[in-house]
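Indexing begins at 1, ligand by ligand and atom by atom, following the structure's order. All of these numbers come straight from a predicted model, not from anything done at the bench.
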Amino acid sequence: MFESLQDRLGSILNGLTGRGALSEKDVSAALREVRRALLEADVALEVVRGFTDKVREQAVGAEVLKSIKPGQMVVKIVHDELVEMLGAEGVPIDLNAPAPVVVMMVGLQGSGKTTTSGKIAARLSLRDKKKTLMASLDTRRPAAQEQLRQLGEQTGIDTLPIVAGQSPTEIAARAVQAAKLGGHDVVILDTAGRTHIDEPLMVEMADIKAKANPHEILLVADALTGQDAVNLARNFDERVGITGLVLTRMDGDGRGGAALSMRAVTGKPIKLIGTGEKMDALEEFHPRRIADRILG
Ligand code: GDP
């Protein structure tokens, strides 16, 4: 589909083998290709800029070795820098707080929030033996509440009974209270999304946060989010304050550039990735795999 970065850089740089150090000009030519590759992988433009600056610093003046082609050398620098920027792997959901630990899921409508809430609840409950309660705070779409209830039924995880007419903050308070009474270790709050970020959504998220005092706030985002990823992550982080990211639809064709964009603007760890519609399609984040995928 795409020419790999290695091939592109090979044709630009490999004639330089045995010619001392990479010059500013060689590196600039290579970085044009790096830029193209990252943009094709859907990394946001402002993140691409910062990234290529870092690669430039390391590549200019780097000795061209006999044992490795200059193209490969730059690909290695790019790959290492990508892995560094993508951050650590295997960062767990932090449950290190008095029970019930509240995990708040936020994100746009259709990002996979409800599905991911179910997946996380299933993992905590089945694998980690944590008694988990799920609650849908989506008062705008009754179907969303029903979807979570059904997920609970499928997986055998408790869901908060649906009461019509309550506000999201009232439901949040009721969920925490029910978890205390029910002896639950964890409460997962599946909040409402919108098709795009707007002020009422941000206010609603901030109100829920103030009421439920979540220990984790996870932003769920579709891996296919393109240039919008930066805005999305920045808004949720600045307005609500996220503690981590979950990328869904990593089973799709996307190259996963959104992972780099969102991590770069928030500095928050990518905790998990969604790899399918089923309840067990949730995996640890491996920065090397995403770096490979971004580079094609
Ligand atoms: P919400 O509006 O954010 O709560 O989104 P949903 O959880 O309802 O998910 C929207 C659609 O995306 C559903 O059809 C899910 O089955 C699907 N979905 C969620 N996560 C994944 C994933 O990781 N991979 C795939 N292929 N589909 C997913």
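The salt bridge (Lys or Arg N to Asp or Glu O under 4.0 Å) test with E216 is passed by exactly one of K271, K209, K268: K271.
The ligand atoms of ligand 1 that sit less than 4.0 angstrom from a heavy atom of Q147 are 6 (P), 7 (O), 8 (O). Per-residue contacts place Q109 under 4.0 angstrom from the following atoms of ligand 1 (heavy atoms of the residue considered): 2 (O). For ligand 1, the atoms sitting less than 4.0 Å from at least one non-hydrogen atom of T114 are 1 (P), 4 (O), 7 (O), numbered in the order shown with element in parentheses. Every atom of ligand 1 with a heavy atom of G274 under 4.0 Å away is listed here by number and element: 23 (O).
Scanning the protein for heavy atoms near atom 6 (P) of ligand 1, the closest one is T115 OG1, 3.5 Å. From the protein, the heavy atom lying nearest to atom 3 (O) of ligand 1 is K113 N, 2.7 Å. At the top of the distance list for atom 27 (N) of ligand 1, counting protein heavy atoms only, stands E277 CG, 3.5 Å. Ranking protein heavy atoms by distance to atom 5 (O) of ligand 1, first place goes to G112 N, 3.1 Å.
Heavy atoms of T275 found under 4.0 angstrom from ligand 1 belong exclusively to the backbone. Residue contacts with ligand 1 for D251 involve side-chain atoms from C-beta outward but no N, CA, C or O (heavy atoms, distance under 4.0 Å). Here M250 has no heavy atoms under 4.0 Å from ligand 1, in either its backbone or its side chain. Neither the backbone nor the side chain of E283 has any atom closer than 4.0 Å to an atom of ligand 1 (non-hydrogen atoms only). Counting heavy atoms under 4.0 Å from ligand 1, residue L108 touches it through the backbone alone.
Using modelled atom types, one side-chain atom of N235 and one backbone atom of N231 make a donor-acceptor pair closer than 3.5 Å. Using modelled atom types, one side-chain atom of K119 and one backbone atom of A281 make a donor-acceptor pair closer than 3.5 Å.
Note that the OG1 atom of T132 and the CZ atom of R123 stand 12.5 Å from one another [nearest 0.5 Å].
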Test side chain to side chain donor-acceptor pair (under 3.5 Å) applied to T169 and D207, step by step = CA-CA 7 Å; T169 50; D207 287 348; over 6 Å; no

Check the pair E146 / Q150 against side chain to side chain donor-acceptor pair (under 3.5 Å), numbers first and verdict last.
-> CA-CA 6 Å; E146 176 55 23; Q150 283 176 13; 3.0 Å; yes

Side chain to side chain donor-acceptor pair (under 3.5 Å) between R56 and S28: does it pass, once the steps are laid out?
-> CA-CA 8 Å; R56 184 189 307 275; S28 290; 3.2 Å; yes

Between R194 and E199, is a salt bridge (Lys or Arg N to Asp or Glu O under 4.0 Å) present by the stated rule, with each step listed?
-> CA-CA 11 Å; R194 301 275 200 283; E199 189 56 23; over 6 Å; no

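Residue L133 comes nearest to A178 through the heavy atom pair CD2-CB, 4.1 Å, listed as atom of the first residue, atom of the second, then distance. Taking both residues in full, the closest heavy atoms of A264 and V47 are given as CB-CG1, 3.7 Å, listed atom of the first, atom of the second, then distance.
Contact between G276 and ligand 1 is present, with at least one heavy atom of the residue lying under 4.0 Å from the ligand. A heavy-atom separation below 4.0 Å is found between G110 and ligand 1. S111 counts as a contact of ligand 1, since one of its heavy atoms falls under 4.0 Å from the ligand.
Taking each of R249, R141, K119, K278 in turn, the one with a heavy atom nearest to atom 10 (C) of ligand 1 proves to be R249.
In this structure, a donor-acceptor pair under 3.5 Å is present between the side chains of S23 and D26.
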